[in-house]
Amino acid sequence: MIDLRNIRKSYFVGDRELPILKGIDLSITKGEFVVLMGVSGSGKTTLMNIIGLLDKQTEGDYTFAGTSVDGLDDERLADMRNTYIGFVFQQFFLLPYLDAIENVLIPIVYSKKGIKHPREKAKMLLGKFGLEQRIHNKPSQLSGGEQQRVAIARALVNDPEIILADEPTGALDSKTGGEIMDLFQMLNEEGKTIIVVTHDPKLATFGKRLVRIEDGAISEDITT
Ligand SMILES: Nc1ncnc2c1ncn2[C@@H]1O[C@H](COP(=O)(O)OP(=O)(O)OP(=O)(O)O)[C@@H](O)[C@H]1O
Ligand SMILES: [Mg+2]
């Protein structure tokens, strides 16, 4: 599903090259639940943005869903993202003027999958996450944990195979964060491939595989 070979990423500040990722080799297959851990600045978001086809590596090869994505243009990359990936972020990124169900429906606008009965689907997902009484609430009328569950429903409405979550519990207290990780576990048991970034060691055991990144390189890759 995901195959990264000797991925390097540098930023250029003026004419100085800043190496951020220093030769990442990583394969992730369908059905895995990977927790990607590392301290702040180690390169987790940089790596996730490459995995999620939001950014390109400076060097190395990336094969995603059987396709070498290195030479693809932005439109093709956007198509692949919409087809395969659901994104979850620390800051939820819900639209404040839309209610929960309308937020969940946003990806349908860009979808080419022809999802049937999207409104029922959005309602079903919100219900599954315990939000049946909240579907007409605006984000400001929801707790942080509820907002993140709406964001996860939004990530799922287009039936992606993969969920990429960058610090999804970072804005939540530890109990609520644990509930979000439980929810990812449930989705993984239903067959979704999940990659979650965190710098919280307490969350390391939620996945089935722990990949640790230190200073732009993988320092540990174990089955948990
Ligand atoms: N556009 C950029 N230009 C220059 N340097 C950048 C840029 N984006 C990120 N960096 C640097 O790359 C390094 C890795 O950043 P990254 O966001 O991947 O870290 P992270 O592991 O996600 O950290 P955190 O846990 O704080 O989110 C940092 O030193 C950061 O300052
Ligand atoms: Mg980050």
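Just so it is clear, the values below take in all heavy atoms, side chains as well, and ignore hydrogens, waters and symmetry mates. Worth saying up front: this structure is predicted, and the values here are computed from it rather than measured. Atoms within a ligand are numbered from 1 in the order they appear, just like the ligands themselves.
Sorted by first then second residue, the side chain to side chain donor-acceptor pair (under 3.5 Å) pairs that include residues 105-117, not counting sequence neighbours, are D79-K112, S111-N158.
Salt bridge status for K175 with D173: absent, with no side-chain N to carboxylate O gap under 4.0 Å. Here D215 pairs with K22 in a salt bridge; the nearest charged N to carboxylate O distance falls below 4.0 Å. One finds no salt bridge joining D99 and R134 here, because no Lys/Arg side-chain nitrogen approaches an Asp/Glu carboxylate oxygen to under 4.0 Å.
Ligand 1 lies under 4.0 Å from heavy atoms of Y11, I20, V39, S40, G41, S42, G43, K44, T45, T46, E167, H199.
At a threshold of 2.8 Å, the Mg ion (ligand 2) has no backbone or side-chain N, O or S atom of T46 nearer than that distance.
Here CZ of F129 is found 8.5 Å from CD1 of I180. Values are rounded to the nearest 0.5 Å.
The environment of Y97 atom OH is sparse: at most 12 non-hydrogen atoms of other residues, nucleotides or ligands sit within 6.0 angstrom.
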